[in-house]
There are 2 protein chains.
Amino acid sequence: MNSEEVKPIRILIADDHQMFIDGLKALMRREKELVVIGEVSNGNQAMQFIIQERPDLLITDVSMPGMSGIELTRWVKQHHPCVKVLVVTMYNDREIVNEILMSEAEGCILKNTGKQELLNAIKRITDDSTYYSTEVLNIMMTRLKKHKTIEKNTSVLTPREIEIVKLIMEELSSEEIAEKLFISKRTVDTHRKNILQKTNTRTIVGLLKFAIENNLTEYNSD
Amino acid sequence: MNSEEVKPIRILIADDHQMFIDGLKALMRREKELVVIGEVSNGNQAMQFIIQERPDLLITDVSMPGMSGIELTRWVKQHHPCVKVLVVTMYNDREIVNEILMSEAEGCILKNTGKQELLNAIKRITDDSTYYSTEVLNIMMTRLKKHKTIEKNTSVLTPREIEIVKLIMEELSSEEIAEKLFISKRTVDTHRKNILQKTNTRTIVGLLKFAIENNLTEYNSD
DNA sequence: TTTCTACTCGGTATTTGTACGGATTAGTCC
DNA sequence: GGACTAATCCGTACAAATACCGAGTAGAAA
């Protein structure tokens, strides 16, 4: 009964900069429920440690010599999904953030994060939730927003033309579209011609790109 | 000097369910720095109010009779970007969440959110940050993750075939591709044939979809 | 050596798309 | 009424893609 009060969270830190590990430990020292049970300086050591000790949480840097933190995260999520992962990164680069998201890490924060945010992140992650810092979210947002900005191009197309573009995207030929809309194949051709002209494209490929940029198909970025 | 202690946050609530407005107000009653300066039940009233009173924060429901909360948000962000917006939704539907993100709202939470999370959200938003609840984030995540899962299809294509797919995506015709690669147009045709077969598609349209799914073009969803 | 795969090339025919030209009808806006 | 646009339709011609058949070579794997 003595040790039943709070089950501590067993943490492994993976980072090739000892200074950073020390900093993290300092931030967590006062928290009784957080116990750093290991520190390693590269991905392979981390894998070994995880296999043997099964920590509750892995805090890892993105860039490490050899296996990167992202690869490590992928490995963890594939082989030990119960181990939560909080990725820490120096740069809030678009591509890196994307990779982190894809790697299915439970959270991501920047290295300059303060104590309170770090603790929040750990709390939410260990509560089976996720935590992504504001900066990281902003990157996600801008990525998603990008589409929106272009969207007005669509306005040059008439409703009928848009309808046709959508059908083209469904891999229908002009003839099939004609049947479906009860109009002549010639009409469809004319629409196509006008569409290509309005969208400044020469071939269907260009048209497809336009359609995706303008969300004219359920087939976009989602 | 008397009113300088804390500048209160002036809030407008827009929701067509009075009960919900009352609930929100109850949650915020104890917080001195939060002042509800207005309540409206549809988008047009909200617009009028915002023009006249310039609240610091708008809390709005997604679905309202007439102008939806999302349209309202878009209008706010376009005409009064200083007014922060927290969108509250009953459903964590994929499409709705997408719309909310696109509308550039600073935050989004579900209607069943507890007091603490609501206050957190307001705090982060008014600190020029953003707040999206865990459930909402999860939806974003699954959207982004989807790509990853499919990605292995590419392996069925040979390096040369992938090369050709990429060139097709750059709007080159078979003949142009042949010139570029110093091979016969027939060879390109054969590759095309094999590619279509391997990818189970009939036309370039289908192929393009495949290419995007498999990141064979810089042109993907990001 | 044989087998297999990736890559290469060819012929013929058909289907589909694009480029060029033209036209009519219905409706809106001034 | 006149100007404009969206939507409809047609002909001719060429370009491009797809379907179908075939085959040879180089290199790796068995």
Side-chain angles (χ1 to χ4, degrees), chain A residues 150-219, chain B residues 150-217 219-220:
Chain A
I150 324 172
E151 205 142 314
K152 292 193 175 162
N153 300 352
T154 321
S155 57
V156 302
L157 296 186
T158 68
R160 193 58 156 178
E161 286 167 346
I162 292 176
E163 200 177 354
I164 299 214
V165 171
K166 285 183 177 173
L167 291 175
I168 294 176
M169 294 308 137
E170 290 176 17
E171 300 181 52
L172 298 186
S173 68
S174 296
E175 208 160 345
E176 290 168 320
I177 294 173
E179 282 178 33
K180 189 152 193 167
L181 298 182
F182 304 107
I183 57 179
S184 155
K185 193 233 172 198
R186 302 312 184 95
T187 310
V188 178
D189 280 337
T190 306
H191 282 308
R192 274 187 106 117
K193 185 185 66 186
N194 293 333
I195 291 167
L196 289 186
Q197 192 185 324
K198 285 181 179 178
T199 57
N200 291 316
T201 51
R202 253 177 62 247
T203 65
I204 342 177
V205 181
L207 178 58
L208 267 166
K209 291 181 177 180
F210 174 89
I212 291 171
E213 274 179 355
N214 295 89
N215 291 341
L216 290 185
T217 161
E218 71 289 343
Y219 197 81
Chain B
I150 322 172
E151 206 140 313
K152 293 192 179 164
N153 300 353
T154 321
S155 56
V156 302
L157 297 185
T158 68
R160 192 60 154 181
E161 286 167 347
I162 292 177
E163 200 177 353
I164 296 205
V165 171
K166 287 184 178 172
L167 291 175
I168 293 176
M169 295 309 134
E170 289 176 17
E171 299 182 52
L172 299 185
S173 68
S174 295
E175 210 161 342
E176 291 168 320
I177 294 174
E179 282 177 34
K180 191 152 190 167
L181 298 182
F182 303 109
I183 56 178
S184 156
K185 193 232 172 197
R186 300 311 182 98
T187 308
V188 178
D189 279 339
T190 307
H191 283 308
R192 274 185 106 118
K193 186 187 65 187
N194 294 332
I195 291 168
L196 289 186
Q197 192 185 323
K198 286 182 180 177
T199 57
N200 291 316
T201 51
R202 254 178 61 248
T203 64
I204 342 179
V205 182
L207 179 58
L208 200 133
K209 290 181 178 179
F210 175 88
I212 291 172
E213 274 178 354
N214 295 91
N215 291 338
L216 291 185
T217 159
Y219 196 80
N220 43 25

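Proteins come first, then strands; the chains are lettered A, B, ... in the order of their sequence lines, and each starts at number 1. Small disclaimer: the values here were computed from a predicted structure and weren't measured.
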Enquirer: May I ask you to verify if any side-chain N or O of B/Ser184 is less than 4.0 angstrom from the OP1 or OP2 atom of C/dG10?
Expert: yes
Enquirer: What's the closest nucleotide to the side chain of B/Ser173 if the choices are C/dT18, D/dA16, D/dA6?
Expert: D/dA16
Enquirer: Is B/His191 near enough to C/dC7 that one of its side-chain N or O atoms lies under 4.0 angstrom from OP1 or OP2?
Expert: no
Enquirer: A/Val188 and A/Glu175: side-chain contact (heavy atoms from CB on, under 4.5 Å), yes or no, with the steps?
Expert: CA-CA 8 Å; A/Val188 178; A/Glu175 208 160 345; over 6 Å; no
Enquirer: What's the CD1-P distance between B/Ile162 and C/dA6, to the nearest Å?
Expert: 11 Å
Enquirer: Nearest to the side chain of A/Thr190, heavy atoms from C-beta on, is which of D/dA16, C/dT18, D/dC10?
Expert: D/dC10
Enquirer: How close or far is atom C1' of D/dA17 from atom CD of B/Glu176, stated in whole angstroms?
Expert: 14 Å
Enquirer: What closest approach, in Å, do B/Ala211 and B/Val165 show between heavy atoms, and which atom pair accounts for it?
Expert: CB-CG1, 4.0 Å
Enquirer: Find the distance B/Asn194:CG to D/dT18:P and express it as a whole number of Å.
Expert: 13 Å
Enquirer: How close or far is atom C1' of C/dA19 from atom CD1 of A/Ile204, stated in whole angstroms?
Expert: 15 Å
Enquirer: Over how many whole Å does the gap from B/Lys193 atom NZ to C/dG11 atom C1' extend?
Expert: 12 Å
Enquirer: If I take atom CD in residue B/Glu163 and atom P in nucleotide C/dA6, what distance separates them, rounded to the nearest angstrom?
Expert: 15 Å
Enquirer: Is the phosphate of C/dG17 approached by A/Ser174 (side-chain N or O, under 4.0 Å from OP1 or OP2)?
Expert: yes
Enquirer: Which pair of non-hydrogen atoms, one from B/Ile177 and one from B/Ile164, has the smallest distance, and what is that distance?
Expert: CD1-O, 4.2 Å
Enquirer: Using only side-chain N and O atoms of A/Arg192, determine if any of them is under 4.0 Å from OP1 or OP2 of C/dG17.
Expert: yes
Enquirer: CZ of A/Arg160 versus C1' of C/dA26: gap in Å, rounded?
Expert: 15 Å
Enquirer: Closer than 3.5 angstrom, by distance alone: can the side chain of A/Glu176 be matched with the main-chain N or O of A/Ser173 as a donor-acceptor pair?
Expert: yes
Enquirer: Short question: side chain of A/Lys209, backbone of B/Glu170 - any donor-acceptor pair under 3.5 Å?
Expert: no
Enquirer: Could one point to a donor on the side chain of B/Thr187 or the base of C/dC7 with an acceptor on the other under 3.5 Å away?
Expert: no
Enquirer: Please report the distance, rounded to the nearest Å, between CD in A/Gln197 and P in C/dT18.
Expert: 13 Å
Enquirer: Any side-chain N or O of A/Arg186 under 4.0 Å from OP1/OP2 of D/dG11?
Expert: yes
